[in-house]
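Quick note on labels: first sequence line is chain A, next is B, and so on, each numbered from 1. Everything quoted here is computed from the prediction, not taken from an experiment.
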Amino acid sequence: MEKLRYERPIIRRLDSEMPNKFGMRTDYRPTTQIDGVPVKSLIDKFGSPLFVISEKVLRSQYRKARKAFTTRYPKVQFAWSYKTNYISAVCNVFHQEGSWAEVVSGFEFQKALGNGVKGSKIIFNGPDKSEEDLEMAIQHNALIHIDHLEELYTLTELAERHNTKPRVAIRVNMDTGVYPMWDRFGFNYENGQAWDALNKILHSGRLELVGLHCHIGTFMLSAQAYAVAAGKLAELAIGVQRKFNHTIKYIDMGGGFTSRNTLKGAYLPGTDTNPSFDDYAEAITTALLNADFSSEFLPTLVLETGRALVDDAGYILGTVISNKRSSKGKRITIVDIGVNLMFTSFWYDHKVTPAQEFTQYTEDTTLNGPLCMNIDVLRESVSLPLLNKGDNIVVHSVGAYNMTQWMQFITLRPAVVMIDNDGNPHIIREKENLNSVNGQERIPNHLDHFEL
Amino acid sequence: MIRKKLNIAVTGLNAIDSPGPGVAVIRGLLEAKSFDTNIIGLAYESLEPGIYMHNLVSKTYQVPYPSAGVDNLLSRLEYIHHKEHLDVIIPNFDAELYSYIKIEDDLKAMGINVFLPTMTQLEERQKINLFDFGQKYGIRVPKSKAIFEISEIYDLQKEFEMPVVVKGKFYDAGVASNIDQVKSLYKKISNKWGLPIIIQEFISGTEFNITGLGDGKGNTIAAVPMRKQYITDKGKAWGGISIADQTMLDLTYHFVSSTKWRGGFELELMKDKNNEFNLLEINPRMPAWIYLAVGVGQNIPEALVQMALGDKVTPFTTYSIGKMFIRYAWDMIVDISEFQKISTTGEL
Amino acid sequence: MRIKKSIAISESGFMFNPITGESFTVNPIGFEIIQMINDGLESAQIIETICKKYQIDPQTFDKDLTDFTGMLDNHHLSQHHDQEEA
Ligand SMILES: Cc1ncc(COP(=O)(O)O)c(C=O)c1O
């Protein structure tokens, strides 16, 4: 006789203040497969934990975003924000779709070149560009987005020295009515810094001013803020046109669109409340189209969308190590996914689903990772079905920032697998091995030997 | 003429000392002249009293909290609709309106009607937007300002006279009579509810409320003003009386016509020492005291259902003045088997 | 150990303690275990029965059973042989 699936016994007291889920459908269904590939087979083959990226979702997110903008505005260009996820296979999906590259360091710049992106299609952002970085960017005819005056002076000097005219834009920060205001990067709009910088560039004649850039924040819950920002950049572009008869070729609105994640402390889930690509596109394109551009001088709209394109395509699969009870009687489930792999668990209440069928019985659970640290909490409190040791879980929408900000700590970092459009899994980043760590280390001679 | 029988689902069945409007709404529906009603209760918790009022509610289903997301809500409603063939749903909690507005079209496609404010109307009246709302529509609201940093508190003295009300984004409020108290409330409330903190001019006076119904085109279908007579320590009216204040009615007509408000609402007003009405809050639904409106001749729940069904409704023009509502608590005797049933099956 | 005589348990897994007025629910396997406890089965027998019927190893189930009976104790629903009904 076939044995039945086991579920551990539980008892719950019915309190008036306790939301009562008994007898009702639970809030979610199991995630037994991703793009047709069984979760169990992925873990059997590639180990646990495991990052999984859906190529299908990457492409469909990109196309959705592109469509939202191109149906509303004639000239649109996306530039893949490398820092969000710079695993080359991921970048190349976006490059195949037509995205340029947006980088913020010499390392990212070289990675983009290595992936085959032409220098003239690389946008170079960020406050920390060394002289060598800038020379490399000039040499490749990249689009250099100037962050501060020191950079402007260095760049002018380099232009003189090499007798070239680098293509530049300035980054502008501004009040869009949203808190916190990202006023640390770029030149401020309200106090006139931005206008001053533009004047310096155009009077010097050493740099070719091609664009205006802003990045007003990340995970922006208000589409309206983009309308304000686009309006202010348009204002500057029109000012430049009037005063210098110089045409700004593009307006770059940066990134910052939300994914489907739910911010900690939010009452309603992000899937219900977060703006869609259409909402953002409507706000931005309306502001640009309503500005005083004559149609021949309408600038190209550049977008450096990161999170919103990649987050929902990423999953991390894990395995239950143990079930415990806290001293106060609360259920604790320990899984093999630590916060060192899921940096974003500090910001989001990530959706977690079991990878196998379950009943309607749930327990209020704290989901902990395996690190020997108190902060290793994936979910403080989540109503989960009864998971057994060895059961698998799927954490959703982890594609953005986790695979670039992850830390190697205590154990080695897991493999990353991409499932292609036909449902074939490919390793796109190998699981680390001892040599990934030891290979970088050097032992001074006098520390080479010891006896115990 | 045979009257049609409507299956109407109603939420907000809690009738404790800070009651939901559900039970009062149901009483209005059962007294409707234009249709017969079969009431389906939608409950979140198994101790909401309305669940056990079998003379009012024929069957109750538990529904997922709004925090579970609209997909879960929709699939639960599909299940309930399959069993009960709902004609109309009347959501009565602020916290669930966002979700119901979001699924309005899906419900319509299933054949379920609602009559709710638009998303813009819902957002515009949020506490944090109320000051702009007042400016935009020329309605007197207390001066208020959202602040994000504790250092902004020092500038407040230029703009506000003490005392001020310090409010959280969604909940919680306190009155502060000096900067130090503002600071301590700022910390206390922002720790709990996050930023911003809203600083509002403190207005002393007498509280008045008005409930009504807008048709979404700018016409006021119903409006009944009330003066609170007895207020609980939670600030809820435990008794009130219908009054004939033309200024309040005019303010309401202005509110409805300028916002094109759709659905039920309640305006919370404070009459200050200069005899001016200040709008403190707009509740985007019928209030718990809605049965007073029914009792004075304006069956707002009935009219709301008719509007939801697309029927033509003649605006109410009169109501009896000087009628009071006096709320009382009522102990029902319920067998544990009923509690067991709703607790284990989610239906009763 | 056994469940206090005064505690009413229904087929649906609903438990009511008439002395304290508290209500509880247990899932089907919890209900099975409570019945076995009431039939006087010892832990070892319960473990054997469950592990025969379900896909679970004795060590894991032993731990879950200890946790479950611990919660029954915690909620004052059980009584040990040497105790009088409280
Ligand atoms: C300049 C710039 N562009 C684009 C991005 C991508 O932002 P997001 O992932 O929020 O879309 C960032 C992220 O910080 C950024 O700094």
Side-chain angles (χ1 to χ4, degrees), chain B residues 11-20 22-23 40-54 56-69 72-73 75-76 79-80 82-84 329-348, chain C residues 1-41 46 49-50 53-56 61 63-79 83-86:
Chain B
T11 74
L13 305 181
N14 57 329
I16 47 172
D17 61 344
S18 174
V23 171
I40 310 300
L42 303 178
Y44 292 101
E45 291 178 14
S46 40
L47 279 180
E48 292 181 26
I51 300 171
Y52 304 95
M53 300 179 181
H54 303 306
L56 300 181
V57 180
S58 68
K59 170 112 193 212
T60 299
Y61 294 84
Q62 279 194 315
V63 287
Y65 281 95
S67 56
N72 288 307
L73 176 62
S75 66
R76 181 66 174 163
Y79 167 84
I80 297 167
H82 176 72
K83 298 217 148 168
E84 305 290 344
W330 169 268
D331 301 345
M332 291 183 289
I333 304 304
V334 174
D335 193 77
I336 187 151
S337 62
E338 300 210 355
F339 176 65
Q340 168 181 348
K341 188 141 181 278
I342 183 90
S343 301
T344 53
T345 65
E347 298 179 20
L348 180 66
Chain C
M1 162 180 165
R2 63 186 174 81
I3 304 299
K4 289 181 185 167
K5 270 209 276 319
S6 54
I7 311 277
I9 312 172
S10 77
E11 288 287 334
S12 61
F14 184 86
M15 298 174 79
F16 176 60
N17 183 343
I19 297 177
T20 64
E22 292 167 302
S23 330
F24 303 87
T25 52
V26 294
N27 59 347
I29 194 164
F31 182 67
E32 257 181 88
I33 293 168
I34 285 172
Q35 281 184 316
M36 285 189 252
I37 292 173
N38 279 346
D39 290 344
L41 268 65
I46 296 177
T49 318
I50 292 290
K53 186 168 170 194
Y54 295 95
Q55 302 161 6
I56 188 69
F61 179 66
K63 204 187 94 197
D64 289 348
L65 181 63
T66 310
D67 183 76
F68 182 65
T69 51
M71 292 310 281
L72 292 176
D73 277 344
N74 219 328
H75 292 309
H76 307 290
L77 296 169
S78 53
Q79 133 184 60
Q83 292 172 335
E84 281 302 300
E85 176 123 344

Less than 3.5 Å apart and able to act as donor and acceptor by atom type: which atom pairs between chain C and chain B qualify?
residue: Ser10(C); atom: OG; partner: Gln340(B); partner atom: NE2; Å: 2.8
residue: Ser12(C); atom: OG; partner: Gln340(B); partner atom: NE2; Å: 3.2

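- To the nearest 0.5 Å, atoms CD1 (Ile9(C)) and CG (Asn38(C)) are separated by 5.5 Å.
- Taking both residues in full, the closest heavy atoms of Ile40(B) and Val57(B) are given as C-CG1, 4.3 Å, listed atom of the first, atom of the second, then distance.
- Between Tyr54(C) and Glu32(C) there is a side-chain heavy-atom pair separated by less than 4.5 Å.
- With a 4.5 Å cut-off on side-chain heavy atoms, Lys4(C) and Leu77(C) do not count as touching.
- Of all heavy-atom pairs between Leu13(B) and Val23(B), the closest is O-CG2, 4.2 Å.
- Between Gln79(C) and Lys5(C) there is no side-chain heavy-atom pair separated by less than 4.5 Å.
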